[in-house]
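Just so you know, these numbers use all the heavy atoms, side chains as well, and skip hydrogens, waters and symmetry mates.
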Amino acid sequence: VLALSADGQSEEAHQLLDEILTLAEPEGYIGSWLDAGEGLRPLIQKLRTDYVQQGKANMVHYTDRLLIAFDHPGAPHPDADAAPPHVSPTPAQPLPDPLSDREQEILRFIDAGLSNREIADKLYISVSTVKTHINNLYAKLDANSRTQALAIARKLGLFSG
């Protein structure tokens, strides 16, 4: 995207960035964008304007999160493509509806004792989104509390070590 933009191919850069953002939004990637550098900010801002005009609320929200993250470059930016360092690759899950990568990540944060607010801050998502993921975890694990979810996850071998 940056190369196309620098080469004067702004329309192509715009289209490519739109495609990439659309693919990245469901996973909530943040860090990868920050790693690409400040040069993306004006391109993302322009796309955000398009998303507002097109009524794409989810994309407006995602680009807002990215722009906020650019404003706070020193803050940690874990995202769905970067699991915490102590985590091994995802084991096969003995569940009818396996946990998503994001649900597993949130389960690990719960295991580490983080509050919903702390999890939200670490993942650059809202507290209500954390609660939604936790409710999905409860449903998939047939649990009613954090403690019960952790116990079931351990029993099923969802944690390494």
Side-chain angles (χ1 to χ4, degrees), residues 1-93 95 97-112 114-137 139-140 153 158-160:
V1 171
L2 292 172
L4 286 170
S5 181
D7 194 37
Q9 299 178 50
S10 58
E11 185 58 36
E12 292 84 354
H14 189 78
Q15 289 175 346
L16 181 59
L17 182 58
D18 178 41
E19 290 174 30
I20 296 168
L21 283 170
T22 301
L23 291 171
E25 183 271 333
E27 298 300 324
Y29 295 124
I30 300 290
S32 303
W33 295 102
L34 298 179
D35 294 342
E38 256 314 298
L40 284 178
R41 181 196 296 262
L43 303 173
I44 292 171
Q45 287 171 323
K46 184 175 183 328
L47 261 176
R48 184 197 180 281
T49 302
D50 292 351
Y51 294 145
V52 169
Q53 292 171 350
Q54 296 165 3
K56 294 182 176 180
N58 61 322
M59 295 306 294
V60 172
H61 176 71
Y62 182 51
T63 53
D64 283 346
R65 287 178 47 220
L66 290 173
L67 294 169
I68 289 168
F70 274 113
D71 290 336
H72 304 286
H77 51 269
D79 54 24
D81 61 347
H86 67 280
V87 177
S88 63
T90 305
Q93 295 180 28
L95 293 170
D97 189 6
L99 302 181
S100 70
D101 290 345
R102 181 64 91 183
E103 290 164 342
Q104 291 176 55
E105 186 175 32
I106 288 176
L107 188 62
R108 288 188 297 268
F109 285 130
I110 291 171
D111 186 46
L114 274 65
S115 69
N116 290 354
R117 165 55 53 205
E118 291 169 320
I119 295 170
D121 290 344
K122 283 192 174 290
L123 298 177
Y124 292 97
I125 60 177
S126 70
V127 172
S128 65
T129 300
V130 171
K131 289 178 181 178
T132 298
H133 286 301
I134 291 172
N135 286 330
N136 291 340
L137 279 166
K140 290 179 180 183
L158 300 181
F159 289 106
S160 60

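- Formation of a donor-acceptor pair under 3.5 Å by the Arg65 side chain with backbone atoms of Tyr124 is found in this model.
- A donor-acceptor pair is defined here as one N or O able to donate and one able to accept, closer than 3.5 Å; no such pair exists between the side chain of Ser5 and the backbone of Val1.
- Rounding to the nearest 0.5 Å places NZ of Lys140 at 6.0 Å from CG of Leu99.
- One distance of note links CD of Glu25 with CG of Asn58; it measures 4.5 Å at 0.5 Å rounding.
- Side-chain contact between Leu21 and Leu66: present, with at least one pair of heavy atoms (C-beta onward) separated by less than 4.5 Å.
- In this structure, the side chain of Asn135 engages the main chain of Lys131 through a donor-acceptor pair within 3.5 Å.
- The OH atom of Tyr51 sits 6.0 Å away from the NZ atom of Lys56 when rounded to the nearest 0.5 Å.
- The line from CG of Leu114 to CD1 of Ile106 is 11.0 Å long, rounded to the nearest 0.5 Å.
- The CD atom of Gln45 sits 10.5 Å away from atom CG of Asp64, with the distance rounded to the nearest 0.5 Å.
- Within the 3.5 Å criterion, the main-chain N or O of Asp18 finds a donor-acceptor partner in the side chain of Thr22.
- Side chain to side chain, Thr129 and Ser126 meet the donor-acceptor criterion of an N or O pair below 3.5 Å.
- Under the 3.5 Å distance criterion, the side-chain polar atoms of Glu118 are matched with a main-chain donor or acceptor of Ser115.
- Going from atom CD1 of Ile44 over to atom CG of Leu47 covers 8.0 Å, rounded to the nearest 0.5 Å.
- Side-chain contact between Asp50 and His14 is present, with at least one heavy-atom pair separated by less than 4.5 Å.
- Between Ile20 and Trp33, the closest side-chain pair of non-hydrogen atoms falls below 4.5 Å.
- Residues Leu158 and Gln104 fail the side-chain proximity criterion, which asks for heavy atoms closer than 4.5 Å.
- No side-chain donor-acceptor contact under 3.5 Å links Glu19 to the backbone of Leu16.
- Considering only heavy atoms from C-beta on, Glu105 comes within 4.5 Å of Arg108 through its side chain.
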